[in-house]
Amino acid sequence: MTTQANRGERLIKIVRNWADDYEQICKQTQDRECTAEDFDPIAAVIATDVFTRIGVFKDEADWPLCLEKYLQFAGTSLWTGKLRFIHAMDNIVFQELEETITRPHGENVVYTMSVFEFNDDDKVTALRVYMQQAQQEENVLILGTEKK
C-alpha cells in the first residue's frame, strides 16, 4: 500500500471519528450543560489557529465561533449521521451523510456533503458544508419559504 493511500485512510478515520464524537457529544449533553471541554476530541484534530468553516448559508466561522455554535446546538438537539459516501484525495476528504436532527418539536433529515481540508500534519484547516433537504414550509432550515 502506498504512503498516499495510508494517508487517505488516516484522514478518513479522522473524519469518521469527528462524526462519531459529535453524535456522542449531542447525546451526552441532553441532560447537562454542554461545555467547550466536551469538544476537546474534535478540537484535537483541528488546526484551531487557521481553521475556517463555511456553512450551508455561506456563513464563515473560525474555530472559536464554530465552537460557540456547536455548544448552542449540541445541548438542544440529537444528531446522527449515516454515512452515504466518503473519499479521500490528496489533502481533502469528501463525506456525504444522511443527517437526522431531532429536537423537541420534531425531526429533520438532510443530506450533507462536507469537504474537509487537511494540512501536512493531518489537522483540519477548513470545512465546507453543502446541504440538500426536502422542501417543507414548516422546516425552519429553508430560507424563503415562510408564509407571507
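Under a hydrophobic clustering in which Ile, Leu, Val, Met, Phe, Trp and Tyr are joined whenever their side-chain heavy atoms come within less than 4.5 Å, directly or via other members, V56 and L65 fall into different clusters.
Within the 4.5 Å cutoff, side-chain heavy atoms of W18 are placed close to those of V124. Counting heavy atoms from C-beta on, the side chains of F116 and I14 never come closer than 4.5 Å.
F73 and Y22 have parallel rings, their planes meeting at less than 30° on a 0 to 90° scale where 60° marks the start of perpendicular.
Within a 6.0 Å radius of NZ in K13, other residues, nucleotides and ligands contribute 12 heavy atoms or fewer.
Side-chain atoms of D121 do not come within 3.5 Å of backbone N or O of K123 as any donor-acceptor pair. Within the 3.5 Å criterion, the main-chain N or O of A74 finds a donor-acceptor partner in the side chain of Q30.
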**Message:** Using the rule given for side chain to side chain contact (heavy atoms under 4.5 Å, CB included), can you reason through L78 versus I101, listing the C-alpha separation, both sets of side-chain angles and the distance that settles it, and then say yes or no?
**Reply:** CA-CA 6 Å; L78 290 172; I101 302 159; over 6 Å; no
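Under the 4.0 Å criterion applied to side-chain N and carboxylate O atoms, R7 and D122 are assigned as salt-bridge partners.
Between G75 and C34 the shortest heavy-atom distance is N-CB, 4.4 Å.
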Name every donor-acceptor pair, under 3.5 Å, that has one atom in a side chain of residues 40-55 and the other anywhere in the protein, sequence neighbours excluded.
none

When the side chains of residues 91-100 are checked against the rest of the protein, which donor-acceptor pairs come out under 3.5 Å, sequence neighbours left out?
unit_1	atom_1	unit_2	atom_2	d
N91	ND2	F118	O	3.0
Q95	OE1	R16	NH1	2.8
E96	OE2	R84	NE	3.2
E99	OE1	W79	NE1	2.7
E99	OE2	T112	OG1	2.6

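Here the CG atom belonging to N6 is positioned 11.0 Å from the CG atom belonging to L11, to the nearest 0.5 angstrom.
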